[in-house]
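The model shown is predicted, which means the values in this text are computed figures rather than measured ones. Computed over heavy atoms, backbone and side chain alike; hydrogens, waters and symmetry mates excluded.
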Number of protein chains: 2
Amino acid sequence: MGSDGGEGEKSTRERILDIALDLFIDQGYDKTSLREIADRLGYSKAAVYYHFASKADILLALHYRLHDMFGGSLDDLNQQVDDPVAWAKVLDTFIGQMLADRRLFILHERNRAAFEKLHRDQLHEDQHSDLEGTFRTLLANPEVPVADRVRLACALGAIMGTLAIAGEAFASVPTEDLTDMIRSAVGDLLTPR
Amino acid sequence: MGSDGGEGEKSTRERILDIALDLFIDQGYDKTSLREIADRLGYSKAAVYYHFASKADILLALHYRLHDMFGGSLDDLNQQVDDPVAWAKVLDTFIGQMLADRRLFILHERNRAAFEKLHRDQLHEDQHSDLEGTFRTLLANPEVPVADRVRLACALGAIMGTLAIAGEAFASVPTEDLTDMIRSAVGDLLTPR
DNA sequence: GTCTATATAGGGATAGAC
DNA sequence: GTCTATCCCTATATAGAC
């Protein structure tokens, strides 16, 4: 399939990313050193540098994992910037995608500063390839009533919050159940009573 | 009033905290060096060390600023751990307090890893003196139905999200208006239709 | 592909002069 | 109260052997 020969075993590159994901969530990106990653990997620091050009490059790869997860729903959101009623539908899709791999979201949520720096330094693409950028553009759009925008911010926060603030509190809750509950909550937020 | 002699001018200590607040929000705690703080202050690094024993000590002082802001409402929440209907009232108070000094909240939101480490290293007090600790305890309480706890997580996320995700988007919105809008949203989340 | 050894820089923190 | 000078450690990253 990919560029790897193996079938069951993961490539070293993927293993590094998995380890980095754990450590970046636990300690934060800045407080995690390549030595720690290399130790868990069982190899030396230089081995890590063989697979990634820099520490930021590891974060970048994780960013792409997250980006791939969304498929086109980010574009959908960008195309309906000024249509508050359309948001609810897009967010439903979002919620499903987010919960499918919660940890990537938690990573993003907990290392916002690092990701922003990454975007400033490396990703000079458009604002909208970025999750945060998309949200901020939407929330700052003066053509949409403030009340609607605040509601959207609350809805986004509700999704993120369930993952980030709760931590491991809902780890044992089946993904489908959690998805349903969050969808219901977001529905209450975006649909007028 | 306080321990300072001056009336109009701030003490150096307070100035350091203000500068640190700005930088920690912008770049994150880890990526901010004492040299940067000292530069903005106009003094040397050693001058900063005169006022604070360590870098972590600066973060600690900011933690106390946040802590003081709450007054007793954190205790209120701790005393009504298993009463979901009481949460709504406490959160109303919370929202007002949070918005009264948004930036302290954003600091906390954006440097969760650093604050957690601070608590592990320095604050061996009780779990409940801490904002996050209080929330996590509440959200993990098995005596409360999961659905209620998820709703609470959404409500907390909605509050945090409006501050953290939105960034400067709502900077021009009057605090009272924003408070009302968030209270209304949280009400919709916690009150069954 | 993985290693050792090393270059280089920057950060936190201390000692002691003024 | 504030400064200069300095120590020490850790981190990123590179060069080159195996």
Side-chain angles (χ1 to χ4, degrees), chain A residues 2-24 26-63 111 113-115 117-118 120-122, chain B residues 2-24 26-63 111 113-115 117-118 120-122:
Chain A
S3 52
D4 305 327
E7 216 160 9
E9 68 266 20
K10 281 192 168 177
S11 68
T12 303
R13 190 185 158 90
E14 291 299 308
R15 282 185 56 218
I16 292 174
L17 289 178
D18 290 341
I19 292 168
L21 180 61
D22 284 348
L23 289 171
F24 290 173
D26 263 26
Q27 314 176 329
Y29 172 77
D30 292 305
K31 272 277 175 288
T32 302
S33 72
L34 292 176
R35 193 184 52 72
E36 284 175 290
I37 295 175
D39 282 354
R40 284 212 189 176
L41 189 65
Y43 294 137
S44 73
K45 260 197 302 182
V48 176
Y49 272 101
Y50 177 80
H51 293 283
F52 295 93
S54 69
K55 185 184 177 185
D57 203 35
I58 299 178
L59 194 65
L60 188 62
L62 289 172
H63 162 86
N111 290 281
F115 275 106
K117 186 169 162 52
L118 193 71
R120 280 196 303 271
D121 295 348
Q122 322 226 357
Chain B
S3 52
D4 306 324
E7 216 158 10
E9 69 266 19
K10 280 191 171 179
S11 69
T12 303
R13 189 185 159 90
E14 290 299 308
R15 283 185 57 219
I16 292 174
L17 288 179
D18 290 341
I19 293 168
L21 180 61
D22 285 348
L23 289 171
F24 291 173
D26 263 26
Q27 314 176 329
Y29 172 77
D30 292 305
K31 272 274 176 291
T32 302
S33 71
L34 293 174
R35 194 185 50 75
E36 284 175 291
I37 295 175
D39 282 354
R40 284 212 191 177
L41 189 66
Y43 295 137
S44 73
K45 259 197 302 182
V48 176
Y49 272 101
Y50 176 80
H51 294 282
F52 295 93
S54 69
K55 187 184 177 187
D57 203 35
I58 299 177
L59 194 65
L60 188 62
L62 289 171
H63 161 87
N111 291 280
F115 275 105
K117 187 169 161 53
L118 193 71
R120 279 196 303 272
D121 296 348
Q122 324 226 355

Nearest-nucleotide pick for [X], side chain only, options being [options]:
X: B:K45; options: C:dG12, D:dA13, D:dT4; result: C:dG12
X: A:Y50; options: D:dT12, C:dT2, D:dT2; result: C:dT2
X: A:A46; options: D:dT12, D:dT2, C:dC3; result: C:dC3

Round to a whole Å and report the spacing from [atom1] of [X] to [atom2] of [N].
X: B:Y43; N: D:dC3; atom1: OH; atom2: P; value: 6 Å
X: A:E36; N: D:dT10; atom1: CD; atom2: P; value: 12 Å
X: A:K55; N: D:dT14; atom1: NZ; atom2: P; value: 15 Å
X: B:F24; N: C:dG11; atom1: CZ; atom2: P; value: 13 Å
X: B:D30; N: D:dT10; atom1: CG; atom2: P; value: 16 Å
X: B:Y49; N: D:dT4; atom1: OH; atom2: C1'; value: 16 Å
X: B:R13; N: D:dG1; atom1: CZ; atom2: C1'; value: 15 Å
X: A:F52; N: D:dT12; atom1: CZ; atom2: C1'; value: 16 Å

Next on the checklist: With nearest nucleotide decided by heavy atoms, which residue, A:L34 or B:H51, maps closer to the 5′ end of DNA chain D?
Outcome noted: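 That would be B:H51.
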Checklist entry - Can you tell me how far CG of B:L60 sits from CG of B:D121, rounded to the nearest 0.5 angstrom? => result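 Going from the CG atom of B:D121 to the CG atom of B:L60 covers 11.0 Å.
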Checklist entry - Rounded to the nearest 0.5 Å, what separation is found between the NZ atom of B:K117 and the CG atom of B:D30? => result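 The distance works out to 9.5 Å.
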Checklist entry - For the side chain of B:K45 and the backbone of B:S33, is there at least one donor-acceptor N/O pair under 3.5 Å apart? => result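 Absent.
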Checklist entry - So which heavy atom on A:A56 is nearest to which on A:L118, and how close? => result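 What the structure gives for the nearest pair is O-CD1, 3.6 Å.
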Item to check | Parallel, tilted or perpendicular, as decided by the 30° and 60° cut-offs, for the rings of A:Y29 and A:F24 | outcome: perpendicular
Checklist entry - Does the side chain of A:R35 get closer than 4.0 angstrom to OP1 or OP2 of D:dT10 through an N or O atom? => result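 The answer is no; no side-chain N or O of A:R35 sits under 4.0 Å from OP1 or OP2.
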Checklist entry - OP1 or OP2 of D:dT10 sitting under 4.0 Å from any side-chain N/O of A:S33? => result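 The answer is no; no side-chain N or O of A:S33 sits under 4.0 Å from OP1 or OP2.
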